[in-house]
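Down below is the structure, laid out as structure tokens.
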Amino acid sequence: NDSGCGVFIDNTTFTLENSIVSDNTTGLGIAGGIKVEGSISSLTVNNSTISGNSTTGNGGGIAISDISTLVINESTIIGNSADNVGGGIAALGTLVNISITNSTISGNFSTSGGGIFNEGTMIIDSCTIANNTAVVANGGGVNNIGTGTLTITNSTISGNLSDASG
């Protein structure tokens, strides 16, 4: 599959609860674990783990684009990789809305935004973003770029590595 190898969500509402999405790989595309796209798409991830997924494109764990919404609660995004941006999560586009609460984003790897790459509107509360790596570009933990809006509260950001800034 070249887009959303584990789960592909297009113009629909989807809830992932008490689940694991792991060890999926895309060879020529976007999102090793989960891809969310479309003008009415919505994904809610509750008490789940997204791990060990990889892509040659963007969003090793999760990639979200278009006018989509992503809500993550009490979940772990760990050990995912992307050859381009967003090892853990890639939020692609200014109309994307993301909320992450009481979750861990750790051990992810990409060229930019090892843990998270954000171009949209993102709110992170009571999370741990740790031990992620960005080689080549910015943001070992988080790379908020362009007109992306990012709010982080009550969270720990530590042990991330970048070959450039952040």
Side-chain angles (χ1 to χ4, degrees), residues 1-27 29-55 57-82 85-93 95-110 113-133 140-142 150-160:
N1 188 340
D2 68 356
S3 195
C5 189
V7 179
F8 182 73
I9 300 159
D10 186 8
N11 287 312
T12 190
T13 299
F14 186 83
T15 299
L16 185 72
E17 191 152 357
N18 301 318
S19 298
I20 298 170
V21 177
S22 67
D23 302 317
N24 299 288
T25 302
T26 55
I30 296 175
I34 302 172
K35 172 68 169 106
V36 184
E37 70 180 26
S39 61
I40 59 168
S41 289
S42 175
L43 169 64
T44 300
V45 178
N46 293 321
N47 194 36
S48 294
T49 300
I50 314 297
S51 67
N53 300 287
S54 62
T55 181
N58 302 317
I62 300 173
I64 178 170
S65 62
D66 301 326
I67 310 172
S68 300
T69 301
L70 172 62
V71 176
I72 300 173
N73 300 303
E74 298 177 353
S75 294
T76 302
I77 314 293
I78 188 168
N80 300 285
S81 65
V85 302
I89 300 169
L92 307 168
L95 299 177
V96 170
N97 288 291
I98 299 168
S99 172
I100 307 171
T101 307
N102 294 320
S103 296
T104 299
I105 298 158
S106 180
N108 300 288
F109 178 90
S110 73
I116 299 170
F117 180 87
N118 180 50
E119 295 176 329
T121 300
M122 182 176 291
I123 298 171
I124 298 172
D125 182 48
S126 303
C127 291
T128 299
I129 301 170
N131 304 316
N132 299 286
T133 302
V142 180
L150 176 63
T151 303
I152 300 176
T153 56
N154 304 313
S155 296
T156 300
I157 302 171
S158 70
N160 299 288

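Small disclaimer: the values here were computed from a predicted structure and weren't measured.
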Using side-chain heavy atoms (C-beta onward) and a distance below 4.5 Å, is [X] in contact with [Y]?
| X | Y | result |
| --- | --- | --- |
| Phe8 | Val36 | no |
| Ile9 | Ile34 | yes |
| Leu16 | Val21 | yes |
| Ile116 | Ile100 | yes |

Can you sort out the partners of Ser81 under side-chain hydrogen bond (donor to acceptor under 3.5 Å, both in side chains), two or more places apart, ordered by chain and number?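 side-chain hydrogen bond (donor to acceptor under 3.5 Å, both in side chains) check on Ser81 returns nothing, list empty.
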Those residues that, when tested against Asn102, pass side-chain hydrogen bond (donor to acceptor under 3.5 Å, both in side chains) (two or more places apart): none
Restricting to non-hydrogen atoms, name the atom on [X] and the atom on [Y] that form the minimum distance, rounded to 0.1 Å.
| X | Y | answer |
| --- | --- | --- |
| Gly60 | Ala82 | N-CB, 3.7 Å |
| Ser41 | Asp10 | OG-C, 3.4 Å |
| Gly32 | Cys5 | O-CB, 3.3 Å |
| Ile105 | Asn132 | O-ND2, 3.1 Å |
| Gly38 | Ser68 | O-OG, 3.1 Å |

Keeping [X] on the side-chain end and [Y] on the backbone end, is there a donor-acceptor pair under 3.5 Å?
| X | Y | value |
| --- | --- | --- |
| Asn24 | Ser54 | no |
| Ser75 | Ser48 | yes |
| Asn160 | Asn131 | yes |
| Asn80 | Asn53 | yes |

CA sep, side-chain torsions, deciding dist, call: Asn58, Phe117, side chain to side chain contact (heavy atoms under 4.5 Å, CB included): CA-CA 9 Å; Asn58 302 317; Phe117 180 87; over 6 Å; no
Roughly how far, to the nearest 0.5 Å, is [atom2] of [Y] from [atom1] of [X]?
| X | Y | atom1 | atom2 | answer |
| --- | --- | --- | --- | --- |
| Ser103 | Ile72 | OG | CD1 | 6.0 Å |
| Asn73 | Asn46 | CG | CG | 5.0 Å |
| Ser51 | Ile78 | OG | CD1 | 7.5 Å |
| Ile64 | Leu70 | CD1 | CG | 4.5 Å |
| Ile89 | Ile77 | CD1 | CD1 | 5.0 Å |
| Thr151 | Ile123 | OG1 | CD1 | 5.5 Å |

State, without any angle test, whether [X] and [Y] hold a side-chain donor-acceptor pair at a distance under 3.5 Å.
| X | Y | answer |
| --- | --- | --- |
| Lys35 | Ser65 | yes |
| Asp66 | Ser39 | no |
| Thr128 | Thr104 | no |
| Thr69 | Ser42 | no |

Among Thr101, Thr153, Leu150, which residue meets the side-chain contact (heavy atoms from CB on, under 4.5 Å) test with Ile124? Leu150
Does CD1 belonging to Ile20 count more than 12 external heavy atoms closer than 6.0 Å? no
I'd like to know whether CD of Glu74 has more than 12 heavy-atom contacts from other residues, nucleotides or ligands below 6.0 angstrom.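 Atom CD in Glu74 is not crowded, with 12 or fewer foreign heavy atoms closer than 6.0 Å.
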